[in-house]
Amino acid sequence: MNDALSFRFRMPLGNFTLNTTGEIPISGVTALFGRSGCGKTSLLRCFAGLEQAGDAYLSLAGECWHDSEQGFYLPPHKRAIGYVFQEGMLFPHLRVRDNLLFGYKRTPDNQRSGSLNQVVKLLDIAPLLERFPAQLSGGEKQRVAIGRALLNHPRLLLMDEPMAALDRGHKREILPYLERLHGEANIPIIYVSHDLDEVARIADHLLLIEHGEVMAAGPLSEMLARVDLPIARNEEAGALFDTQILQHDENFHLTRLGFAGGELTVGWIDLPVGERVRIRIHAKDVSLALDLPGPTSILNILPVTVTEMAAHGRGRMIVKLDLGGIPLLARITQKSQANLDLKPGMQIYAQIKSVALSL
Amino acid sequence: MNDALSFRFRMPLGNFTLNTTGEIPISGVTALFGRSGCGKTSLLRCFAGLEQAGDAYLSLAGECWHDSEQGFYLPPHKRAIGYVFQEGMLFPHLRVRDNLLFGYKRTPDNQRSGSLNQVVKLLDIAPLLERFPAQLSGGEKQRVAIGRALLNHPRLLLMDEPMAALDRGHKREILPYLERLHGEANIPIIYVSHDLDEVARIADHLLLIEHGEVMAAGPLSEMLARVDLPIARNEEAGALFDTQILQHDENFHLTRLGFAGGELTVGWIDLPVGERVRIRIHAKDVSLALDLPGPTSILNILPVTVTEMAAHGRGRMIVKLDLGGIPLLARITQKSQANLDLKPGMQIYAQIKSVALSL
Amino acid sequence: TASNFSETLKLLAPLFQQASGHELRISAASSGKLYAQIRHGAPYDLFFSADAARPIALEQEGLSLMGSRLTYAVGQLALWAPGATGQANIKKRLENGDFRQLAMANPKTAPYGLAAMESLKTLNLWTALSDATARGENIGQAYQFVATGNADIGFVALTQLRQAKIDPKQYWIIPQQFHQPIMQQAVILSSSSKQQAAKAFLNFIRTADAATILQESGYQLGDVSE
Amino acid sequence: MIGPDDLAALWVTLRLALISTLLLLLMGIPLAWWLARSVSRFRPLIETLIALPLVLPPTVLGFYLLIALSPSGFIGGFWQAMGGHGLAFTFTGLVIGSVLYSMPFVVQPLQNAFSAIDQRTLEAAATLRASPLDCFFSVVLPLARPGLITATTLGFAHTLGEFGVVLMIGGNIPGETQVLSIAIYDHVESLAYGQAHLLSAGLLIFSFLILFLVYRMNGTHLLRKEGR
Amino acid sequence: MIGPDDLAALWVTLRLALISTLLLLLMGIPLAWWLARSVSRFRPLIETLIALPLVLPPTVLGFYLLIALSPSGFIGGFWQAMGGHGLAFTFTGLVIGSVLYSMPFVVQPLQNAFSAIDQRTLEAAATLRASPLDCFFSVVLPLARPGLITATTLGFAHTLGEFGVVLMIGGNIPGETQVLSIAIYDHVESLAYGQAHLLSAGLLIFSFLILFLVYRMNGTHLLRKEGR
Ligand SMILES: Nc1ncnc2c1ncn2[C@@H]1O[C@H](COP(=O)(O)OP(=O)(O)OP(=O)(O)O)[C@@H](O)[C@H]1O
Ligand SMILES: Nc1ncnc2c1ncn2[C@@H]1O[C@H](COP(=O)(O)OP(=O)(O)OP(=O)(O)O)[C@@H](O)[C@H]1O
Ligand SMILES: [Mg+2]
Ligand SMILES: [Mg+2]
């Protein structure tokens, strides 16, 4: 495929074997998700060309980077990637400024895009520029590592839990930048994270890894809506909607969104009317009612049809709903299901707390 | 105070100055919370005795550990602490087993409590025992570091973002253990985390740090219910309830809890009837209705009184409710407030999705 | 003892032991080192120098037994040219500069070096050659320079050539009148605790048996009257 | 062909090398540790003084040591005041000389190895009940292992081959201060090349075996640590 | 009191020390890098061979070098076949000898410093467009700075003080192969103690200043890296 990162790796690492095949679309963010020790870092290293042993094939948009059968291997420094290591790996002998500029200086002029100032501002690291890495806090190191990778002007950005040591404030500033990065500059991002919430915010594509193998892969919305995967059991399971901005309510600081299945009112989104935005509705934020409820603080109450139900441990279940052709998930207790006597095909109402919509 | 960790530190660190005074109750978990670079690690290092410069006073349960005025300083190795470093800091020359046993071997027999096997099982690291740290994944390192600190049989456990690289599955296994640890062995835990959700799960006490100073401190429930602190704006803001198990519903895998303000039905809690448990209700999971709603999947609908309201940016507001004398928080949009014409003193209904209750 | 005499001394030792019952322990180094050591309290009894200057200095400093100083041997200098076929030939090569590298001992530190320099002066070759000679720390090194083939001609001690059983056609024994005699003197040290034995050895050196060995080794006998 | 003197020299050499190496490590390790961790203004001064003996020709250094060791000298005088006898021309004197001359080869690799250890690793040990001394033996020394091995081999090999200083202050007394290096030297000087070759070959083979074993063991260790 | 020969010797010494140190680094750095990163079975063998010259007395080493350098010897023969003249008693020969003898002092500290560098730091550089060579100069060498300084000072100082080998293969030719250490030695041997003291003092002061400066600079660097 010409617009994908195609790979096949079969590599032994001690007792562990990475054995993966797959394709990642180069437009957008792909999240690698899986338990600790499942092989996420190993796979990322293979993409970067940091592992060479074993059987390997990798190509980006039709351009071959690694093919062990042909004996071809493009070394990492020729791949124009950005890699945020799980453990920082700043250069201890260089000041923050020189760490940031390490890749920048080595990038041909015509490939440079962002500037040092821009990245420094985004990452809130201006006061740190003259320090050595040993003089930084954990989160500060992580931010510098992100900046260093961004300033390398990569064709492919590989990030290994880049936000693990960051507070929500900083995350909230950096995530939209990453979204814009892959949107505007069309840089594919492969993003390892344990935080499904974070993943859901920026990922378009999800690769589920288990014991060194790709267990499932696909567009994020599909993956999150699948009731058979372990993530459905996760607190963060939910459905994705692609919507368009219809109207802003400046008084109450709200925005109205339209999509195939109807309309939603959400917290203010700072984009012009007509823009497309993607929102996510956690299954746990959706409650169900048989009748249209009376006066309530819930702004979004939509008519839906029950399509599928799956019980999973501990008295809970996931109910898949159809919202004008679009799937929506709701997590309820088995007791509620019994109380309401829910069955596929029933016409009911889904109550969605507007503030729980996450951008 | 005799049952507290009392401290006063005034220490310069480059441009940064730690300037904190406070008391931490020694029963329970105290969370240190604040933005990246605010001084959490620095404060933890002071508790451990790893920073000596400047003006310092520290005493645990009346026993002085550091008093720069008296020229007294108890070195770290005599403090019997457990310290989980933000960056692992395993001994690279020792196998995982010997890393784990490092402090254990140095603990007098009569002070030892947990065993290696127990900790290894808890942390799911049995296959790693014969490896060297360089052969571990990021999360595996972190788990070993936690185990090493636990096996030191500390009188005070200091943990610097111990779960940052861990997936939810592992967190879910380790957190209850920590809760029991401080509960049974009465070991005070000081816990740095960016994740308010995690904090809320295990902390009893919260220390908010900003720019090297303690900005606010107090019991977690009070701190979370305060509408004037920056955490109220956080996604994770909510109220804490101390409840007692009343009854189990084995059919639907549910548990009924009683508390001063009424009863709640939540997912199955694997504890005997009569046990006390603490639960938390996120403000964002509470919706409000003027009348008792019709058939719905929401199991918990409780009568409440509006006591206080605070608007905060982006069209949202926090409503503080009184539930039989216990505070409950709800986050709604300003539009909903206008729609329902909410005012302090009004008698309304709070709808709480049972599955959103977090233990 | 000076290094270059230690081999001869080893031949003498068993004879002396038979004759007197005293055992000899030999400590070899360059004369300059030994002198410095003696001045700083070395536990030696007898000092066999490769020159006369140091024994005289010791005598003047009162570190040696008055009247014990004697010339135990006079060294003979030879010009060795491996592969040569006669003395005349060797001398000609020296005069014509028909060699790549000339080796000698350092005139500043070794008596044989001084003698070599004086001989070259006598032959009016010194100014021409002084900057081109490879100088060994002592006569032993000068010998090694030639023996390893790095120098194709060199001033060495006759004792060395005899010891190594070099064909006499390959060297030219430098006439004694070309240079000051290489007087090798010995003294008994005043710090010695075994002065009787030391005296006995100096007496033994003058016996006919010893003289034969010295001469076979390539020394001339010292002027006993001195 | 190998005489009793040669065997005596071998014995003296081994004793000298072992004792000197031991002393070098005993003194060098604390010194290097102090140098690695100190922020004292005197540190560069002391580093310089340790390296300084290197720049003098060994015999000349030996000459000055001889002066210092003699009863009227700095060290010798002190030694005698303490009730010792002479130092020059004794085995003790040799040991002093060797230790002084080989010190930089031991201290510098150790100092580098110690400096490279992350302070926080030591802090981790301290929080795990390890006293500074305990920590030094259980963390610092194992982590400094390559430096320790370099220090030991350089120190040991250099003492084996050391010669100028030893000749000067030892006095080449068979069975007491005549070491193998001097014995070989004597053989070369006295044209006994056969014996010199034999002794040299023996020394080389012996040293080769020791060094090879040490490097082999060190190698496997490094591999284990490398990970990927 | 200081003669023209002494000045010539000073000049030869400085040239020798500088050129040898340069060559030592030029050869030692790649060698040490290979040794630090290689998993070859030959590694311990080569490490041993490098350290081996140390165990021989310098004069004896010099003697064997003399044999090797002679026209019929291993190195000398090769040199002549390449069109060179003699090697013994030339400055070039001296350089060869010094480099051989000082090699372990340069290679071992460098090897330790290189081994201590985390492989992942180099991987980070590779992902930032640094070719292996670029990475070596911009990351490896700066990180190995303490080892580099130790290697340079030990190599330099050892060449300054080196003597046995130089005396043997150099032939002590004034202006060509007579170095300062030999000049001092000659003064001691010929009882010109005054001159010996003077030259020694000069050499010591000169070396002291150089070493002190180097260690001072190195010190501040270390402090900066330490952090807290
Ligand atoms: N050696 C140092 N020199 C100068 N400044 C330092 C040094 N060490 C820490 N700091 C500064 O002190 C402040 C507090 O650091 P600390 O590590 O305590 O932060 P933190 O709250 O743990 O942050 P994080 O959540 O990112 O780990 C930071 O602003 C940091 O830049
Ligand atoms: N050098 C090694 N020797 C043996 N096993 C190794 C080595 N390196 C990694 N492993 C194993 O390979 C597996 C995958 O490691 P990897 O670092 O890819 O995990 P990960 O998914 O990134 O985990 P985490 O989320 O904890 O960082 C782990 O089980 C780890 O123990
Ligand atoms: Mg990982
Ligand atoms: Mg921190």
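Remember, predicted model here, so these are calculated numbers, not experimental data. All values below come from the heavy atoms of this structure, side chains included, with hydrogens, waters and symmetry mates left out. Chain letters run A, B, ... following the sequence lines, proteins first, then strands; residues in each count from 1.
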Just give me the residue among [options] that pairs up with chain B most often, heavy atom to heavy atom, under 4.5 Å.
options                     : result
A/Ala289, A/Pro293, A/Ser36 : A/Ser36
A/Gln86, A/Gln337, A/Lys171 : A/Gln86
A/Met163, A/Arg143, A/Lys40 : A/Arg143
A/Gly39, A/Ser193, A/Ala164 : A/Ala164

Name the region of [X], side chain, backbone, both or neither, that has any atom closer than 4.5 Å to a heavy atom of chain B.
X        : result
A/Gln351 : side chain
A/Asp160 : neither
A/Leu290 : both

What pair of heavy atoms forms the shortest contact from [X] to [Y], and how long is it?
X        : Y        : answer
A/Val84  : A/Ala145 : CG2-O, 4.1 Å
A/Ile301 : A/Leu292 : CG2-CD1, 3.8 Å
A/Leu123 : A/His170 : O-CD2, 4.5 Å

In terms of heavy-atom pairs under 4.5 Å, which option from [options] contacts chain A the most?
options                               : value
B/Gly37, B/Ala165, B/Ala330           : B/Ala165
B/Asn339, B/Leu166, B/Asn15, B/Asn251 : B/Leu166
B/Gly138, B/Gly139, B/Pro295, B/Cys38 : B/Pro295

(request) Please identify each residue that fulfils salt bridge (charged side-chain N to carboxylate O under 4.0 Å, His left out) with B/Lys335, with sequence neighbours left out. (result) none
(request) Go through the atoms of B/Val286 and report whether side chain, backbone, both or neither lie under 4.5 Å from a heavy atom of chain A. (result) backbone
(request) Identify which part of B/Asp291 has an atom lying under 4.5 Å from any heavy atom of chain A, answering side chain, backbone, both or neither. (result) both
(message) For residues 128-142 of chain B, which residue pairs pass the salt bridge (Lys or Arg N to Asp or Glu O under 4.0 Å) check, not counting sequence neighbours?
(response) A/Glu87-B/Lys141, B/Arg97-B/Glu130
(request) Would you confirm whether A/Thr296, through its side chain, and B/Leu288, through its main-chain N or O, come within 3.5 Å as a donor-acceptor pair? (result) yes
(request) Indicate yes or no for a side-chain donor-acceptor contact from B/Gln142 to the backbone of B/Glu161 under 3.5 Å, with no hydrogens or angles considered. (result) yes
(request) First locate atom CG of A/Leu329, then atom NZ of A/Lys320, and finally report the distance between them rounded to the nearest 0.5 Å. (result) 6.5 Å
